[in-house]
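Report on the following structure.
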Protein chains: 2
Amino acid sequence: MSSGDRLPARLADVAEAAGVSTATVSRVLGGSPHKVSAATRELVEKTAARLGYRVNPIARALRSSLTRSVGMVVPSIRNPFFTELVEEVEHALSAHDLNLFLSDSRGSVELEAKRLRSMSSGTVDGILLVPCHAERSAPAMAAAVAQVPVVQLDREVPSLRIPWVGVEDRSGIRDVMAHLHERGVRSIAHVTSTESSLSAAVRTQEVIAEAARLGITLRPEHLIDGSFSIAEGHGAAELLLRSGEVPDAVVCTDDLLALGVVAGLQAGGRSVPGDVLVTGFDDIELASMMLPSLTTVRQPMELIAAEAVRLLTQGRDATRSGARITIPGTLQVRQTTQPRA
Amino acid sequence: MSSGDRLPARLADVAEAAGVSTATVSRVLGGSPHKVSAATRELVEKTAARLGYRVNPIARALRSSLTRSVGMVVPSIRNPFFTELVEEVEHALSAHDLNLFLSDSRGSVELEAKRLRSMSSGTVDGILLVPCHAERSAPAMAAAVAQVPVVQLDREVPSLRIPWVGVEDRSGIRDVMAHLHERGVRSIAHVTSTESSLSAAVRTQEVIAEAARLGITLRPEHLIDGSFSIAEGHGAAELLLRSGEVPDAVVCTDDLLALGVVAGLQAGGRSVPGDVLVTGFDDIELASMMLPSLTTVRQPMELIAAEAVRLLTQGRDATRSGARITIPGTLQVRQTTQPRA
DNA sequence: TTGTAAGCGTTATCAG
DNA sequence: CTGATAACGCTTACAA
């Protein structure tokens with residue numbers, strides 16, 4: 001049934017065709033530090049090209065126990081922040097000639113554990129993980145890290161000594177609050193998702209602290225805690241409108257929530273920023289494309305991805321260090337916090 | 001990135017501990033059809049569990065030339081339509097216990113070729129590809145398909161006999177046009193990206209044909225052809241507004257363009273749907289979350305993903321067949337085409 | 001500088 | 001039903 005496609009050339013075929021040993025071919029083509037004369041090298045390269053030879057990465061991996069690929073597990077690839085992070089990671093890996101094995105844990109600790117198990121049994125040289133739960137992700141991670149280097153991104157499981165790379169949450173929030181204060185905001189609501197992520201919890205902490213420090217009112221019933229999604233933000237806005245007293249601004253711990261809040265406020269007949277200011281966090285692509293465009297804190301995803309990949313490629317020592325690399329975000333002031341005319 | 005702590009148990013270790021041969025262990029644990037006595041089977045399973053044995057997928061792949069993973073290459077993982085498609089593919093693969101190798105070609109034929117080359121040299125059992133160009137993607141695809149089964153998703157390279165799964169473009173557009181006609185629309189503009197995708201070209205063809213058939217005006221300068229992005233849609237709306245004569249509706253070949261068009265029209269002081277109706281195509285998550293929510297054609301991505309995976313897993317025969325599987329989309333009527341009060 | 005040969009951890013083909 | 005044993009394609013001591 002298989003038509004005229006010939007089986008791909010193996011290392012041995014190249015060796016035979018070139019009249020040298022397999023060892024020599026391997027040394028030339030595998031980029032080994034071993035010395036090979038210029039003439040032989042050229043001969044080998046020529047014949048390899050002529051035969052259309054390509055290494056069998058599986059065989060290479062079995063022999064060298066190096067796969068040249070890394071795994072990445074995120075809670076939801078559909079969340080634009082993670083999508084953009086994955087994209088940056090892919091680019092960073094390309095530079096090192098590494099492939100990406102992507103998995104979505106769908107926010108499930110069990111599924112995450114399964115993915116980690118499958119990856120840590122030799123398919124990848126390292127794992128980049130955005131844990132889906134701050135405590136319950138720990139056991140599977142501990143098991144994985146015994147087999148292969150692991151680096152956490154964005155979200156952190158504090159009970160483990162696994163390196164982490166993420167944004168400086170507190171300073172980002174401080175910038176937001178200072179900006180709102182400057183805009184004359186006297187009262188805020190806060191929409192967050194402390195359950196999903198430790199980062200969100202830290203941000204919320206900081207929102208509360210800064211509100212107190214700046215004399216901005218944050219009523220307990222105006223602190224709304226759910227999950228990260230547009231729908232959640234939409235619901236939060238409805239709640240707010242029903243509460244009767246609508247604050248001057250709504251501070252959200254991520255852009256999806258902020259998008260939902262803006263839509264919800266508009267649906268309720270309020271103008272943003274005319275009646276209420278809104279801020280987000282992350283700076284996903286949509287934040288600058290939406291109307292009104294969203295004031296938010298830009299997470300430098302390129303940097304986060306690059307640092308994570310660097311940690312991973314620098315090997316066990318680096319990933320053993322328990323390093324915590326925090327990278328500052330930058331406030332992007334846009335239309336949702338324009339001063340009222 | 002070096003090896004782990006305790007060396008993991010190998011097949012041979014299990015065999016030794018259980019006092020049987022490696023062949024027997026392999027037969028039990030590898031799910032081979034070969035008969036093994038119930039007693040031996042249980043013994044092996046017990047010892048394997050006790051030693052925490054897990055197969056080495058690399059060794060297995062080398063021996064059996066089956067990796068239990070498939071590669072997927074999309075033009076941009078950031079495009080929500082592809083993101084959602086990837087997610088569905090991941091789910092479909094999970095059901096078959098297959099892993100996903102994801103790559104982003106960033107719309108570059110060269111990068112795409114590189115990805116295909118790397119994947120087709122043994123790292124995956126099959127490739128799901130959304131080609132980034134209707135002609136220039138062909139050479140690399142032809143080379144890949146000689147090594148490994150390939151299935152095209154969404155976009156198609158017609159010059160190759162490679163199976164394809166996608167939505168029924170023409171009927172989707174006919175539904176949109178019929179709906180607009182019913183709404184009393186007499187003139188439209190059309191925003192598309194025929195360069196990116198044959199599907200878009202087909203949709204555009206159908207828009208023109210249906211406009212003619214239904215007596216709806218589509219002025220040549222109101223046919224705007226660019227790339228698939230929110231920014232592009234935004235620009236198209238500005239162009240439209242500057243043209244002086246704003247049509248009754250704007251038909252877009254994807255949701256991103258439609259999102260941009262809505263934002264652009266609003267920025268220019270027009271109301272959607274008050275002054276202008278807008279339609280999209282795809283039904284990405286945002287389409288129903290945005291305000292006003294977007295009337296669009298829902299692509300059944302779960303089905304598309306499932307069919308593609310089915311073709312791939314059914315092996316060479318299926319992927320040699322040159323099958324073209326088209327799946328009907330369904331019109332989702334939402335706020336952007338509400339009748340003017 | 002080059003070659004020989006021993007594995008890497010499985011699966012599959014034989015005999016028994 | 002079970003067990004030796006030879007591959008799979010490559011890297012890397014060790015020899016020459």
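Letters go in sequence order (proteins before strands), and every chain restarts at 1.
- The closest side-chain donor-acceptor pair between Ser120(B) and Arg54(A) falls under 3.5 angstrom.
- You can see that DNA chain D meets the heavy atoms of chain B within a 4.0 Å-exclusive cut from dC1(D) to dG9(D), reading 5' to 3'.
- When rounded to the nearest whole Å, the span between CG of Leu11(A) and P of dG3(C) equals 12 Å.
- The interatomic distance linking Leu7(B) (CG) with dC8(C) (P) rounds to 12 Å, in whole Å.
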Evaluate the side chain to side chain donor-acceptor pair (under 3.5 Å) criterion for residues His96(A) and Arg68(A): first the C-alpha distance (whole Å), next the side-chain angles of each, then the deciding distance (0.1 Å), finally the verdict.
CA-CA 9 Å; His96(A) 293 257; Arg68(A) 300 216 61 77; over 6 Å; no
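- Side-chain N/O atoms of Ser37(A) and Thr40(A) include a donor and acceptor closer than 3.5 Å.
- The CZ atom of Arg63(B) sits 15 Å away from the C1' atom of dG7(C) (whole-angstrom rounding).
- In this structure Ala306(A) satisfies the side chain to side chain contact (heavy atoms under 4.5 Å, CB included) test with no other residue, sequence neighbours excluded.
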Could you go through residues 24-32 of chain A and list every donor-acceptor pair under 3.5 Å that involves a side-chain atom there, pairing it with any protein atom two or more places apart or in another chain?
unit_1   : atom_1 : unit_2   : atom_2 : d
Thr24(A) : OG1    : Ser21(A) : OG     : 3.2
Ser32(A) : OG     : His34(A) : N      : 2.9

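- Side-chain contact check for Arg115(B) and Ser108(B): no donor-acceptor pair (N or O, by modelled atom type) lies under 3.5 Å.
- Put simply, CD on Gln147(A) is 13 Å from P on dG9(C), counting in whole angstrom units.
- What separates CG of Leu62(B) from P of dT11(C) is a distance of 11 Å, to the nearest Å.
- Rounded to whole Å, the distance from CD on Glu16(B) to P on dG9(C) is 14 Å.
- Applying the ring-ring contact (aromatic ring centres under 6.0 Å, His included) rule to Phe82(B) yields no partners; only residues at least two apart in sequence or on another chain are considered.
- Nearest-nucleotide positions on DNA chain D place Val36(B) closer to the 5' end than the other of Ala59(B) and Val36(B).
- Salt bridge annotation for Arg136(B)-Glu112(B): absent, with no cationic side-chain nitrogen under 4.0 angstrom from a carboxylate oxygen.
- Of the residues in residues 40-54 of chain A, those with a non-hydrogen atom less than 4.0 angstrom from any atom of DNA chain C are Thr40(A).
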Arg50(B) vs Glu45(B), salt bridge (charged side-chain N to carboxylate O under 4.0 Å, His left out): CA-CA, chis, key distance, verdict
CA-CA 9 Å; Arg50(B) 180 162 57 79; Glu45(B) 274 162 352; over 6 Å; no
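- Looking at residues 18-28 of chain B, you'll see Ala23(B), Ser26(B), Arg27(B) sit with a heavy atom under 4.0 Å from some atom of DNA chain C.
- For Glu42(B) and Lys46(B), the salt-bridge test passes: some basic side-chain N is under 4.0 Å from an acidic carboxylate O.
- The residue among His34(A) and Leu29(B) whose nearest nucleotide of DNA chain C is located toward the 5' end is His34(A).
- Contact check for Pro75(B) versus His133(B): no side-chain heavy atoms found under the 4.5 Å cut-off.
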